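All figures in this text were calculated on a predicted structure; none of them were measured in a lab. In what follows, every chain begins at residue 1, and chains take the letters A, B, ... in the order their sequences are listed.
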Protein chains: 2
Amino acid sequence: MSKENTELKKAGLKATLPRIRILEALESSDHNRHLSAEEIYKQLINSGEDVGLATIYRVLTQFESAGIVIRHNFEEGHAVYEITPDDHHDHMVCLETGNVIEFHDEIIEKRQDEIAAEKGYQIIDHSMVLYVKPNK
Amino acid sequence: MSKENTELKKAGLKATLPRIRILEALESSDHNRHLSAEEIYKQLINSGEDVGLATIYRVLTQFESAGIVIRHNFEEGHAVYEITPDDHHDHMVCLETGNVIEFHDEIIEKRQDEIAAEKGYQIIDHSMVLYVKPNK
DNA sequence: GTCCTTGCAAAGCTTTTGCATCGCT
DNA sequence: AGCGATGCAAAAGCTTTGCAAGGAC
């Protein structure tokens with residue numbers, strides 16, 4: 001039984017072909033880890049799969065509920081998805097090279113919790129992106 | 001000459017009625033300073049203004065280019081706009097009520113600079129949004 | 001066999017655009 | 001008067017949904 005198959009079962013989802021293919025597409029894109037529904041769709045069609053765009057959206061929504069993927073709403077006009085990383089991290093984007101540096105900082109994480117608590121809230125999720133340039 | 005009128009001229013925009021009304025709507029919403037195009041539209045219609053939704057969108061886009069407003073893409077399915085604040089702050093969005101709470105924290109700001117510096121970068125801009133729920 | 005899943009098409013929503021008219025300067 | 005701005009309606013782009021057919025267990 002494949003790795004994808006197991007992952008789906010674990011999430012309580014039937015291991016159907018479209019789901020396996022979508023999971024594979026997301027896992028194999030090591031370099032550009034953030035894919036849109038449209039990108040996944042085109043990739044599968046080009047691979048000869050017979051799949052509908054609606055299915056991609058439905059499956060991605062299920063994956064998100066199951067915690068398999070994370071959905072990002074960058075300012076691009078469409079959502080992108082990435083396999084949920086094992087370790088939480090935030091992103092630093094270099095405005096000159098486009099490089100994405102991942103980082104994790106406990107001081108900030110802790111402070112965020114404190115700030116939310118001060119206002120009477122608890123954090124469900126957060127997004128933090130630093131836009132940077134190299135030091136000369 | 002009104003304050004809004006001056007602000008528009010300074011941005012190189014003709015001081016038309018719709019623009020003035022939109023600016024007023026944004027400035028007068030002290031409490032919930034983050035308005036969507038639709039909210040501004042309804043507000044103006046209810047005030048008896050004869051305005052089109054398309055105009056709201058066009059004007060907001062112009063305002064953003066002129067630096068008069070900042071556009072935020074929170075995870076709500078629509079963009080919200082706020083008058084460009086004099087002082088920097090970040091946002092906390094309540095997932096239950098849609099409320100937006102502003103906050104500013106020096107510890108986090110300082111830490112962000114340090115993290116960027118550690119990697120050999122300097123921060124040009126950043127976005128941080130905490131998605132929260134009320135504590136029971 | 002049963003129930004979940006899929007593909008297709010149509011609908012929904014937010015946002016943008018074409019165009020004739022209107023209004024600021 | 002001139003030219004940008006507006007309102008309306010239609011279109012565009014992303015995403016969701018209804019439904020009948022197909023597939024997993």
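- At the phosphate of D/dA24, neither OP1 nor OP2 sits under 4.0 Å from any side-chain N or O atom of A/Lys9.
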B/Glu24 and B/Gln43: CA distance, side-chain angles, deciding distance, side chain to side chain contact (heavy atoms under 4.5 Å, CB included) verdict: CA-CA 11 Å; B/Glu24 284 174 352; B/Gln43 200 167 306; over 6 Å; no
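- Comparing B/Thr61 and B/Ala15 against DNA chain C, the residue whose closest nucleotide sits nearer the 5' end is B/Thr61.
- Taking atom CG of A/Leu60 as the reference point, atom C1' of C/dT5 lies 15 Å away to the nearest angstrom.
- Of the listed nucleotides (C/dT5, D/dG7, C/dT15), C/dT15 has the atom at the smallest distance from the side chain of B/His78.
- Proximity of A/Phe103 to A/Met128: side-chain heavy atoms (C-beta onward) are separated by under 4.5 Å at one or more points.
- Atom OH of A/Tyr41 and atom C1' of D/dT15 are 14 Å apart (whole Å).
- Protein atom CD of B/Gln62 is 10 Å distant from nucleotide atom C1' of D/dG4, rounded to whole Å.
- Taking atom OH of residue A/Tyr57 and atom C1' of nucleotide C/dA9, one finds them 16 Å apart after rounding to whole Å.
- Judged by closest nucleotide on DNA chain C, A/Asp50 is the one of B/Tyr81 and A/Asp50 placed further toward the 5' end.
- Considering only side-chain atoms of A/Arg19, the nucleotide from C/dT5, D/dT6, D/dT15 that sits closest is C/dT5.
- Ion pair A/Arg111/A/Glu114 flagged as a salt bridge, since at least one NZ, NE, NH1 or NH2 atom sits closer than 4.0 Å to an Asp/Glu carboxylate oxygen.
- Between B/Leu17 atom CG and D/dT6 atom P there is a gap of 9 Å when expressed in whole angstrom units.
- The phosphate of C/dC24 (OP1 or OP2) has no side-chain N or O of B/Thr16 nearer than 4.0 angstrom.
- We find that CZ of B/Phe63 is positioned 11 Å from P of D/dA5, with the value rounded to whole Å.
- When the P atom of D/dT6 is taken as reference, atom CG of B/Leu44 falls 12 Å away, rounded to whole Å.
- Residue B/Arg58 is in base contact, counting any heavy-atom pair closer than 4.0 Å across all strands shown.
- Computed from coordinates, the A/Glu39 CD to D/dT15 P distance equals 11 Å when rounded to whole Å.
- Under 3.5 Å, the side chains of B/Glu102 and B/His104 contain no donor-acceptor pair of N or O atoms.
- Both A/Leu53 and B/Lys14 sit near DNA chain D, but only B/Lys14 has its closest nucleotide nearer the 5' end.
- Taking the six-membered ring where tryptophan is involved, the planes of B/Phe74 and B/His34 are tilted, since the angle between them lies from 30° to 60°.
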